[in-house]
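First the structure, in the form of structure tokens, and then the observations on it.
Residue numbering restarts at 1 for every chain, and letters A, B, ... go by the order of the sequence lines.
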Amino acid sequence: MAIAALPPPATQTGVGAWLRKHFFSTWYDAILSLIFLALIFWVVSGIWTWGLRDAIWTVENRDACGHGVGACWAVIQDRHRLILFGLYPYEEHWRSTLACLAVIATMILSCVPLFWTVWRLPILWIVGFGTFVLLMRGGFAGLPLVTTEQWGGLSLTIFIFSAVFVLGMPLAVILAFARRSSLPVIARVTGIFIDVFRSLPLLTILFAAAVVVPLVLPDWLQGDKLGRVIIGFSLFFAAYQAEIIRAGLQSIPDGQVEAAVSLNMPFWSQVVDIQLPQAFRNTLPSTINQAVITFKETSIVTIIGFFEVMASGNAVVGTGEWGQQYVEVYLFLAFIYFIFVFGLSRYGAWLETRMRLGHG
Amino acid sequence: MAEHAISFGKLNKYYGDHHALRDVSLDVEYGETLVVCGPSGSGKSTLIRCVNGLETYAGGTLSVLGHTVGDDERELEAVRKRVGMVFQNFNLFPHLTIVENCVLPQIRGIGRPRAEATEVAMAQLDRMQVGEHAQKFPDQISGGQQQRVALARSLSLNPDIMLFDEPTSALDPEMIAEVLDVMQELTRGNMTIICVTHEMGFARAVADKVILMADGAIVEQGDPEQMFTAPKHPITQEFMKAVKS
Ligand SMILES: Nc1ncnc2c1ncn2[C@@H]1O[C@H](COP(=O)(O)OP(=O)(O)O)[C@@H](O)[C@H]1O
Ligand SMILES: [Mg+2]
């Protein structure tokens with residue numbers, strides 16, 4: 001705060017003037033500013049001393065854990081593999097890492113406008129997911145087979161999230177258009193489907209996918225449990241996202257489609273070139289919001305026996321050995337979630353500026 | 001080649017109970033400029049929106065450049081490839097740049113390769129004197145400029161017929177002239193044009209034929225001199241008096 005203590009600058013546009021205008025313009029502003037300054041200082045210095053200065057970083061020093069005042073990051077050093085990879089076989093962790101990177105790279109690439117064409121995006125995702133599944137599953141070229149029951153940790157979380165997003169989004173688009181269909185039967189049936197899936201708790205849907213569906217469907221149709229769970233999750237996501245997209249479609253003036261029709265643009269082009277870009281642009285904040293919620297909700301698959309990153313973290317503190325270090329473990333997990341969620345919302349903000357939403 | 005560019009035969013149209021077009025019969029000749037006048041709600045928009053199939057009709061016949069406008073999608077497509085339309089609210093695609101607004105319909109609508117489409121688009125934008133704004137987005141230019149872009153967008157598809165639905169009604173007064181000027185230039189060519197407008201000075205200057213609609217029917221048609229100076233029907237007389245004052 002050395003800046004605030006400087007004598008007032010000669011002009012009224014300096015940092016001092018800015019501070020005075022925004023934080024110290026009246027006496028109660030000044031008091032509030034000082035209180036919050038003290039609070040911020042207290043929190044930051046607390047984090048600094050506990051989390052960094054006095055922290056124990058390595059397993060060799062673990063005896064100090066619990067006695068000192070600092071954080072015990074040794075638990076992360078010791079157990080990061082469990083958190084990141086779950087039950088995936090230890091020697092094969094490199095595969096999980098690569099697979100995870102493949103999906104993250106696909107996610108990042110599909111955020112780049114260069115890939116936003118009818119062909120590039122699907123091809124990108126098929127390649128990305130293909131790489132993920134081949135690497136994770138193995139069973140060829142000397143790579144030992146690892147079945148989906150053993151998949152786990154961060155790569156499972158990311159895989160579930162991106163699969164749900166990538167399957168759910170096209171489905172949401174189809175549902176949104178179907179619900180606006182001029183054929184009453186299609187519109188009605190779609191409406192019921194959407195409302196049912198929105199009114200069921202996600203947990204129920206996932207349970208049904210994991211446990212009930214195998215009882216009903218013949219063996220050859222059941223597929224893999226993870227696959228079923230992802231499909232159930234995608235339907236749930238699609239039901240919500242469809243309503244978002246429908247709202248976006250409704251906000252487009254009729255004249256847009258009329259112009260496209262009179263320019264002889266075919267129906268698919270009216271949808272892909274005119275309606276969808278505008279619908280997404282109009283509903284970008286809600287869509288990003290839905291993506292963030294979905295990312296966080298992936299942790300629910302723990303309950304039906306998948307060992308995603310949250311469950312792995314629980315397992316670390318569940319063993320007596322590191323039972324005292326739950327704060328550190330959950331902070332680490334929170335940090336991982338934060339990176340993704342923060343990335344998503346920054347991306348959303350960037351898109352908004354790019355699409356010049358701010359200009360109305 | 002069909003006898004008339006556009007031929008309406010006893011066309012009827014309903015919106016629910018509302019009888020929007022009543023037995024409209026009208027021929028538009030090749031290269032002719034037809035001006036449609038009439039009070040608000042008289043069915044002018046409905047009439048021209050039938051021409052490229054934006055509206056369906058209930059009874060009667062409508063043929064455009066020899067194609068029957070009706071349920072047949074192939075015929076409709078053939079018509080839309082040759083009929084351009086300019087709207088009151090411009091209806092530019094707000095998420096695309098000006099040049100892309102003109103290029104994309106050519107690629108999707110008539111399958112023109114992008115390079116050629118870009119060339120055509122730029123030529124039309126220059127002709128409409130908005131070429132310098134090619135890389136901007138629609139909301140970055142004025143209403144008059146947007147309407148000229150809309151015109152360039154339609155012309156990029158080389159239509160034989162142009163439909164204008166009150167192209168200057170949404171414009172600030174000082175921009176009306178710049179749009180009418182480029183439209184006037186169009187009427188000198190051999191394009192067939194139907195224009196709904198309240199700009200009587202413009203109508204008189206460019207029209208080959210004027211019709212007046214009221215309550216879904218054509219109440220009077222004639223050449224512009226007669227229609228503007230010596231209208232016969234009382235509704236026309238009243239309307240002309242109203243727009244002149
Ligand atoms: N989509 C519609 N649904 C119901 N009524 C309509 C619709 N479009 C137009 N109308 C009605 O049809 C009549 C003619 O409309 P329109 O052709 O737009 O008139 P104009 O262009 O001459 O002002 C008006 O009374 C209008 O209210
Ligand atoms: Mg109208």
Side-chain angles (χ1 to χ4, degrees), chain A residues 111-121 173 181-184 245 247-287 348 350-360, chain B residues 45 48-56 73-74 76-97 100-112 117 136-140 146 149-150 152-159 161-165 170:
Chain A
C111 289
V112 180
L114 180 69
F115 284 92
W116 295 350
T117 70
V118 186
W119 286 111
R120 286 180 199 166
L121 216 48
V173 169
S181 163
S182 51
L183 300 173
I245 296 173
L249 291 173
Q250 249 151 12
S251 68
I252 303 173
D254 292 342
Q256 290 290 308
V257 170
E258 287 175 1
V261 167
S262 59
L263 291 161
N264 198 37
M265 295 166 82
F267 178 73
W268 70 264
S269 161
Q270 293 167 27
V271 171
V272 172
D273 296 324
I274 307 302
Q275 293 187 281
L276 283 182
Q278 293 189 54
F280 276 110
R281 177 170 110 151
N282 295 344
T283 56
L284 194 65
S286 335
T287 302
W350 174 80
L351 267 187
E352 262 182 69
T353 339
R354 191 189 118 87
M355 291 173 163
R356 303 168 322 114
L357 261 189
H359 298 229
Chain B
S45 298
I48 69 168
R49 287 160 59 88
C50 283
V51 173
N52 63 352
L54 282 184
E55 300 286 354
T56 55
E73 280 296 324
R74 291 245 282 299
L76 265 182
E77 197 187 315
V79 168
R80 285 181 184 143
K81 273 190 178 156
R82 301 175 63 186
V83 177
M85 186 163 194
V86 169
F87 301 84
Q88 186 173 346
N89 299 318
F90 329 135
N91 291 340
L92 293 180
F93 304 129
H95 60 298
L96 302 178
T97 59
E100 195 58 20
N101 259 278
C102 302
V103 167
L104 193 69
Q106 297 180 61
I107 298 176
R108 303 291 193 237
I110 54 176
R112 203 174 262 163
K136 292 185 184 167
F137 284 88
D139 65 358
Q140 292 172 311
Q146 288 188 51
V149 172
R153 180 174 71 172
S154 277
L155 293 177
S156 297
L157 298 170
N158 314 102
I161 298 178
M162 279 298 296
L163 308 170
F164 292 92
D165 191 358

Let me know if [X] has heavy atoms under 4.5 Å from chain A in its side chain, its backbone, both or neither.
X	result
I107(B)	neither
R153(B)	both
F87(B)	side chain
N52(B)	side chain

Spacing of CD belonging to E55(B) relative to CD belonging to E258(A), to within rounding of 0.5 Å: 7.0 Å

Distance (rounded to the nearest 0.5 Å) between Q256(A) CD and L92(B) CG: 8.0 Å

Polar side-chain atom of N91(B) near backbone of G255(A) as donor-acceptor pair, under 3.5 Å: yes

Side chains of L263(A) and R108(B) in contact at under 4.5 Å (non-hydrogen atoms): no

Which of S154(B), G109(B), P159(B) touches chain A most, by non-hydrogen pairs under 4.5 Å: G109(B)

K81(B) to N264(A) - nearest heavy-atom pair and separation: CG-ND2, 3.0 Å

Neighbour count above 12 (heavy atom, 6.0 Å) for W119(A) CH2: no

